[in-house]
Amino acid sequence: MPELPDVESARRQIQERALHRRIAEVGSYLFEHGVYVTLAAYPLVPKSEVGFRIQVTAANSHAEIEQLIDVLGKLANAFDLRPARSQAA
């Protein structure tokens with residue numbers, strides 16, 4: 001079985017400074033590029049926690065994970081996104 005690429009960045013939540021204003025647009029972009037995500041939009045979550053969740057499972061193929069990584073890279077460039085800061089416990 002081929003080794004999968006590092007998908008840590010694909011599993012992290014991604015944020016933008018004003019993402020709370022554009023979360024629907026980000027969700028539409030991902031859906032149009034074949035990636036289904038769960039949105040966490042304001043006012044359901046605080047503005048500082050707006051983002052989306054991606055679930056990767058063993059049922060996803062190597063090609064699907066590669067596509068996800070590619071789409072996330074394009075999304076980050078198109079929307080000036082940055083990875084969420086990890087929170088220390």
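- Atom CG of L68 is separated from atom CG of L75 by 10.5 Å, given to the nearest 0.5 angstrom.
- Here the CD1-NZ distance, from I23 to K47, works out to 14.0 Å after rounding to the nearest 0.5 Å.
- Between the side chain of E64 and the backbone N or O of S61, at least one donor-acceptor pair lies under 3.5 Å.
- Counting heavy atoms from C-beta outward, V50 and L39 have side chains that stay 4.5 Å or more apart.
- With hydrogens and angles disregarded, no donor-acceptor distance shorter than 3.5 Å links the side chain of N77 to the backbone of K74.
- Proximity of V35 to F52: side-chain heavy atoms (C-beta onward) are nowhere separated by under 4.5 Å.
- By the 4.5 Å side-chain criterion applied to Ile, Leu, Val, Met, Phe, Trp and Tyr, F31 is assigned to a cluster that also includes Y36.
- In terms of the ring-ring contact (aromatic ring centres under 6.0 Å, His included) criterion, residue partners of Y29 (sequence neighbours excluded) are, by chain and number, H33, F79.
- Note that CG of L30 is 11.0 Å distant from CD of E25, once rounded to the nearest 0.5 Å.
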